[in-house]
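Since the model is a prediction, treat every value here as computed from it, not as a measurement. Positions are given from 1 along the sequence.
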Amino acid sequence: MDRNHLKRQVDFMKRSLLDQGYLDEQFIQLEELQDDDNPNFVEEIVTLFFNDSARLLQNIEQALVSGPIDFTRLDNYMHQFKGSSSSIGAKRVKNECTRFKEYCTAGNAEGCFRTFVQVKQEHAILRTKLETYFQLARQAGPSGTSGGQVR
C-alpha cells in the first residue's frame, strides 16, 4: 500500500473518530503540537493517559466496592479522570465522567455503579480505536498525524 493511501486512511479514521464523538477538537490541537522533532508526541501523550487512567479506574472501582461509599472521594477521583480525558480529547469518556460526577453530587450509588460501567466501556473502546489509529499512522510515516487539519 502506498504512503498517500495510508495517509488518507489515517485522515479518514481520525475524521470518523471525531464524527462519532470519540474524540473532540482537543485531539486535533495535540496533533498540531507534533512536529518532526517529536513525531510520536500525540501517541506518547495518549499512552501516558492510558497508563495513568488505569490507576485511576482501579482507585474508583476500589472506592465503589469498599464499604460505605465516600462520594466526595469518588468525585475527586473522577474529576482527575475527567481532566485527563479532556486533555487528550476523549469526548465520550469525558461525557461519561460528567454523568458519574452528577450521580456523586446526588449521592446516587446505583447511578455511580451504572455509569462507571459505561466509563470503563468507553475507555476500552477508545483505547482499541486509538491503538489501531496509531498503528496505521506509524505505517503511513512521520507526517501521518502531524499537523493534519481535519475540519
Side-chain angles (χ1 to χ4, degrees), residues 1-64 74-106 108 110-151:
M1 212 174 280
D2 75 15
R3 268 200 145 128
N4 287 333
H5 181 72
L6 286 171
K7 289 180 184 184
R8 283 192 302 276
Q9 281 187 304
V10 169
D11 287 341
F12 177 79
M13 185 171 190
K14 178 172 35 181
R15 177 85 263 158
S16 293
L17 291 170
L18 291 162
D19 290 346
Q20 295 169 18
Y22 288 104
L23 297 173
D24 63 21
E25 197 62 31
Q26 180 62 30
F27 186 82
I28 301 299
Q29 290 176 7
L30 280 177
E31 286 193 328
E32 289 172 354
L33 296 174
Q34 187 164 283
D35 59 22
D36 292 338
D37 292 335
N38 196 356
N40 299 318
F41 174 74
V42 177
E43 186 173 4
E44 290 168 7
I45 295 296
V46 169
T47 299
L48 288 171
F49 162 75
F50 282 113
N51 290 341
D52 188 51
S53 62
R55 177 189 54 81
L56 284 170
L57 288 172
Q58 187 175 35
N59 289 344
I60 294 165
E61 188 158 7
Q62 188 63 36
L64 279 170
L74 278 173
D75 187 68
N76 288 337
Y77 285 144
M78 193 55 76
H79 182 76
Q80 288 177 335
F81 188 65
K82 180 182 174 186
S84 296
S85 300
S86 182
S87 73
I88 67 155
K91 185 177 181 179
R92 284 190 180 186
V93 175
K94 180 183 72 173
N95 291 345
E96 290 302 325
C97 291
T98 299
R99 286 183 55 217
F100 184 96
K101 287 174 61 60
E102 289 168 0
Y103 285 122
C104 282
T105 301
N108 183 335
E110 185 178 322
C112 287
F113 279 105
R114 261 195 335 268
T115 307
F116 185 61
V117 170
Q118 287 300 116
V119 167
K120 290 193 310 184
Q121 182 179 356
E122 290 297 341
H123 180 265
I125 290 169
L126 182 63
R127 181 179 207 135
T128 300
K129 288 183 178 293
L130 286 177
E131 285 171 352
T132 302
Y133 173 77
F134 288 124
Q135 181 180 24
L136 189 60
R138 282 191 304 273
Q139 291 173 2
S143 63
T145 61
S146 63
Q149 292 276 333
V150 174
R151 300 278 178 222

Can you tell me how far the [atom1] atom of [X] sits from the [atom2] atom of [Y], to the nearest 0.5 Å?
| X | Y | atom1 | atom2 | value |
| --- | --- | --- | --- | --- |
| Ser87 | Ile45 | OG | CD1 | 8.0 Å |
| Ile125 | Lys120 | CD1 | NZ | 13.0 Å |
| Ser85 | Met78 | OG | CE | 8.5 Å |
| Arg114 | Asn108 | CZ | CG | 6.5 Å |

For residues 50-58, run the donor-acceptor check on the side chains, cut-off 3.5 Å, and write out each pair with its distance to 0.1 Å, sequence neighbours left out.
unit_1 : atom_1 : unit_2 : atom_2 : d
Asn51  : ND2    : Thr47  : O      : 3.4
Asp52  : OD1    : Arg55  : NE     : 3.4
Asp52  : OD1    : Arg55  : NH2    : 2.6
Ser53  : OG     : Phe49  : O      : 2.9
Ser53  : OG     : Phe50  : O      : 3.1
Ser53  : OG     : His123 : NE2    : 2.7

Report task. For Lys91, look at atom NZ and say whether over 12 heavy atoms of other residues, nucleotides or ligands are found less than 6.0 Å away. Result ->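 Not buried by this count: 12 neighbours or fewer within 6.0 Å.
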**Report entry** Gln29 CD: over 12 foreign heavy atoms closer than 6.0 Å
**Finding:**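 Yes, the 6.0 Å shell around CD holds more than 12 heavy atoms from other groups.
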So do [Y] and [X] actually touch side chain to side chain, heavy atoms under 4.5 Å?
| X | Y | result |
| --- | --- | --- |
| Arg92 | Leu126 | no |
| Glu44 | Asn38 | yes |
| Tyr133 | Phe27 | yes |
| Glu96 | Thr115 | yes |

How close do [X] and [Y] get, heavy atom to heavy atom, and via which atoms?
| X | Y | answer |
| --- | --- | --- |
| Leu74 | Cys104 | CB-SG, 3.7 Å |
| Ala63 | Tyr77 | CB-CE1, 4.2 Å |
| Val93 | Phe81 | CG1-CE2, 3.5 Å |
| Val119 | Cys97 | CG2-N, 4.1 Å |
| Lys129 | Gln20 | NZ-OE1, 4.3 Å |

Under 3.5 Å donor-acceptor, [X] side chain and [Y] backbone:
| X | Y | result |
| --- | --- | --- |
| Gln34 | Pro39 | yes |
| Ser86 | Gly83 | no |
| Asn40 | Glu43 | no |

**Report entry** Residues that Lys94 engages under side chain to side chain donor-acceptor pair (under 3.5 Å), provided they are two or more places apart
**Finding:**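 Not a single residue meets the side chain to side chain donor-acceptor pair (under 3.5 Å) criterion with Lys94.
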**Report entry** Residues forming a side chain to side chain donor-acceptor pair (under 3.5 Å) with Glu122, sequence neighbours excluded
**Finding:**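 None.
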Requested in this report: May I ask you to decide whether Glu102 forms a salt bridge with Arg99, counting only side-chain N to carboxylate O separations under 4.0 Å?
Outcome: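 Answer for the salt bridge query: no.
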Query raised in the report: Taking NZ, NE, NH1 and NH2 as the nitrogens, is one of them in Glu131 or Arg127 under 4.0 Å from a carboxylate oxygen of the other?
Result: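 A salt bridge links Glu131 with Arg127.
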Report task. Applying side-chain contact (heavy atoms from CB on, under 4.5 Å) between Val42 and each of Leu30, Leu130, Leu33, Ile28, report the one that passes. Result ->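 Exactly one candidate clears the test, Leu30.
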Requested in this report: Could you point out which residue of Val10, Leu17, Leu18 forms a side-chain contact (heavy atoms from CB on, under 4.5 Å) with Lys14?
Outcome: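 That would be Leu18; it is the only one of Val10, Leu17, Leu18 passing the side-chain contact (heavy atoms from CB on, under 4.5 Å) with Lys14.
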Query raised in the report: When you look at Gln139 and Leu136, which way does the side chain to side chain contact (heavy atoms under 4.5 Å, CB included) test go after all the steps?
Result: CA-CA 5 Å; Gln139 291 173 2; Leu136 189 60; 3.9 Å; yes
